[in-house]
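Let me begin by presenting the structure, written as structure tokens, before commenting on it.
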Amino acid sequence: MSSTTSAITVNGIPIESIELGRGRPVLFLHPGIGIEANAPVLDRLAARGRLIAPTHPGFGRSEGPKSFDTVDDLAYFYLDLLDELDLRDVAVVGVSFGGWIAAEVAIKSTARISHLVLANPVGIKVGSRDHRDIADIFAISEDDFLSLAYCDPGAGKRDYKTMPEADVRTVARNREATARYAWSPYMHDPKLKGRLHRIRIPTLMLWGTHDRVLSESYGRAYCDAIPGARFEPIERAGHLPHVEQPEEFADKVFAFIDSK
């Protein structure tokens with residue numbers, strides 16, 4: 001299935017968005033590594049719905065306003081995007097950093113959202129003050145990150161020497177934007193956990209079982225804080241299950257949507 005990358009302007013902020021498929025809308029919010037138009041998961045999701053996969057403000061080739069420096073800013077941006085596109089009964093699917101954004105959106109308003117799917121999301125503090133819940137991805141080498149984030153580290157390996165310059169620049173911009181939004185407090189909003197009870201739509205927590213950026217106990221605590229949320233593992237996948245198991249990821253998303 002061929003994707004269409006288009007420009008969307010929301011409140012004067014232009015971003016890129018991948019759109020393909022037709023049917024009920026699915027808003028896919030990418031992790032800190034970004035999203036590529038040829039990612040297999042996009043075709044899998046678009047096979048059964050109208051997929052909208054924006055590049056977050058400040059990531060990739062999307063403009064990042066100077067005033068945007070928190071995930072809260074991104075959450076309100078996406079609420080405005082839903083209004084701008086007049087989307088209704090939307091299934092919002094977020095992975096890792098994108099899951100954090102999705103949760104922040106859902107505690108504010110679910111007027112246009114029917115289902116929420118969070119896959120290995122960051123965004124809350126579970127342990128004590130002196131306990132690190134989330135591995136410090138800015139303090140380790142890329143090889144160490146790959147070993148923590150993937151079941152098969154080769155799934156995330158990139159050869160920067162052979163990549164086009166524009167793609168290398170995108171990788172750097174994604175890392176810079178992730179730091180901008182999530183550096184301090186590191187990868188979480190201190191108030192989010194206490195507000196998750198406000199999510200009152202069907203919610204699925206997907207969990208790549210080989211994730212070592214986060215622990216499964218972290219994921220289950222996150223899930224337990226959302227009323228009625230369901231926890232489902234994805235085997236042979238780590239922190240980014242949509243990359244390592246795209247078909248199973250999409251199957252679980254739509255099985256959940258169709259069952260509620």
Side-chain angles (χ1 to χ4, degrees), residues 13-18 27-37 39 41 53-78 81 92-105 118-126 132-150 153 155-158 160 163 166-193 208 211-215 218-219 222 237-244:
I13 303 167
I15 64 165
E16 282 194 347
S17 181
I18 300 165
L27 178 65
F28 181 82
L29 301 180
H30 66 74
I33 64 169
I35 188 69
E36 297 176 356
V41 71
T55 298
H56 310 320
F59 287 76
R61 295 177 178 85
S62 290
E63 185 172 311
K66 291 182 179 179
S67 62
F68 276 35
D69 56 10
T70 68
V71 172
D72 212 39
D73 294 320
L74 297 177
Y76 281 111
F77 174 86
Y78 281 116
L81 180 143
V92 177
V93 181
V95 181
S96 183
F97 180 77
W100 178 6
I101 300 171
E104 294 277 9
V105 168
L118 308 176
N120 295 71
V122 296
I124 66 171
K125 186 81 178 81
V126 170
R132 182 176 291 282
D133 293 318
I134 306 165
D136 188 346
I137 64 172
F138 299 113
I140 58 178
S141 69
E142 180 168 356
D143 285 345
D144 287 342
F145 170 74
L146 294 177
S147 69
L148 294 176
Y150 292 88
K157 193 74 174 176
R158 292 172 167 141
Y160 294 106
M163 285 173 60
D167 292 346
V168 175
R169 190 177 296 115
T170 292
V171 171
R173 196 157 189 256
N174 290 342
R175 186 173 176 84
E176 177 186 35
T178 301
R180 180 178 185 181
Y181 290 117
W183 182 272
S184 181
Y186 179 71
M187 289 290 179
H188 77 285
D189 172 355
K191 297 183 179 180
L192 177 57
K193 185 181 178 184
D211 189 359
R212 290 182 293 279
V213 174
L214 307 171
S215 66
Y218 177 93
Y222 210 135
H239 187 61
L240 307 167
H242 70 298
V243 173
E244 295 192 271

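We're numbering straight along the sequence, starting at 1.
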> Are Val243 and Val41 close enough, and set up right, to give a side-chain contact (heavy atoms from CB on, under 4.5 Å), and what steps lead you there?
Replying inline: CA-CA 7 Å; Val243 173; Val41 71; over 6 Å; no
> Within the distance-only criterion (no hydrogens, no angle test), does the side chain of Asn174 pair as donor or acceptor with the backbone N or O of Ile33 below 3.5 angstrom?
Replying inline: yes
> Going by heavy atoms in the side chains, are Leu29 and Trp100 under 4.5 Å from each other?
Replying inline: no
>> Between Val171 and Met163, is there a side-chain heavy-atom distance shorter than 4.5 Å?
In response: yes
> Residues two or more places apart in sequence or in another chain: which of them pass ring pair (Phe, Tyr, Trp, His ring centres under 6.0 Å) with Tyr150?
Replying inline: none
> Would you say the side chain of Leu146 lies within less than 4.5 Å of the side chain of Lys157, judging by non-hydrogen atoms?
Replying inline: yes
> Side chains of Ser147 and Asp144: is there a donor and an acceptor less than 3.5 Å apart?
Replying inline: no
>> Is it the case that the side chain of Arg173 and the backbone of Ser62 share a donor-acceptor pair, with hydrogens and angles ignored and the cut-off at 3.5 Å?
In response: yes
>> Quick check with a 6.0 Å cut-off and a 45 degree axis cone: is Arg180 positioned over the face of Phe68's six-membered ring?
In response: no
> Which heavy atom of Ala37 sits nearest a heavy atom of Ile18, and at what distance?
Replying inline: CA-CD1, 3.6 Å
> Can you say whether the rings of Phe59 and Tyr181 are parallel (under 30°), tilted (30 to 60°) or perpendicular (over 60°)?
Replying inline: parallel
>> Under the criterion side-chain contact (heavy atoms from CB on, under 4.5 Å), I'd like the reasoning laid out for Asp189 against Val71: C-alpha separation, chi angles, the key distance, then a yes or no.
In response: CA-CA 8 Å; Asp189 172 355; Val71 172; over 6 Å; no
> Nearest heavy-atom pair of Gly58 and Ala177: which atoms, and what distance?
Replying inline: O-CB, 3.4 Å
> Mind checking what makes salt bridge (charged side-chain N to carboxylate O under 4.0 Å, His left out) contact with Lys125, not counting sequence neighbours?
Replying inline: Asp133
> Taking the side chain from Tyr222 and the backbone from Lys193, do they hold a donor-acceptor pair closer than 3.5 Å?
Replying inline: no
>> Tell me the closest heavy-atom pair linking Pro31 and Ser96, and the distance in Å.
In response: CB-CB, 3.8 Å
>> Restricting to ring pair (Phe, Tyr, Trp, His ring centres under 6.0 Å), what partner residues turn up for Tyr78, sequence neighbours left out?
In response: His56
> Does any non-hydrogen side-chain atom of Leu240 lie less than 4.5 Å from one of Val95?
Replying inline: yes
> Should Ile137 and Tyr186 be marked as a side-chain contact (heavy atoms from CB on, under 4.5 Å) after you check the CA-CA gap, both sets of side-chain angles, and the distance that decides it?
Replying inline: CA-CA 10 Å; Ile137 64 172; Tyr186 179 71; 3.6 Å; yes
> How many angstroms lie between NE2 in His188 and NZ in Lys191, if you round to the nearest 0.5 Å?
Replying inline: 12.0 Å
> Do you know which two heavy atoms are closest between Ile15 and Pro57, and how far apart they sit?
Replying inline: CG2-CG, 4.0 Å
> So which heavy atom on Asp211 is nearest to which on Val213, and how close?
Replying inline: OD1-N, 2.8 Å
> Where is the tightest heavy-atom contact between Leu214 and Pro121, given as atom of each residue plus distance?
Replying inline: CD1-O, 3.4 Å
>> I'd like to check Thr178 versus Met187 (side-chain heavy atoms, cut-off strictly below 4.5 Å). Are they in contact?
In response: yes
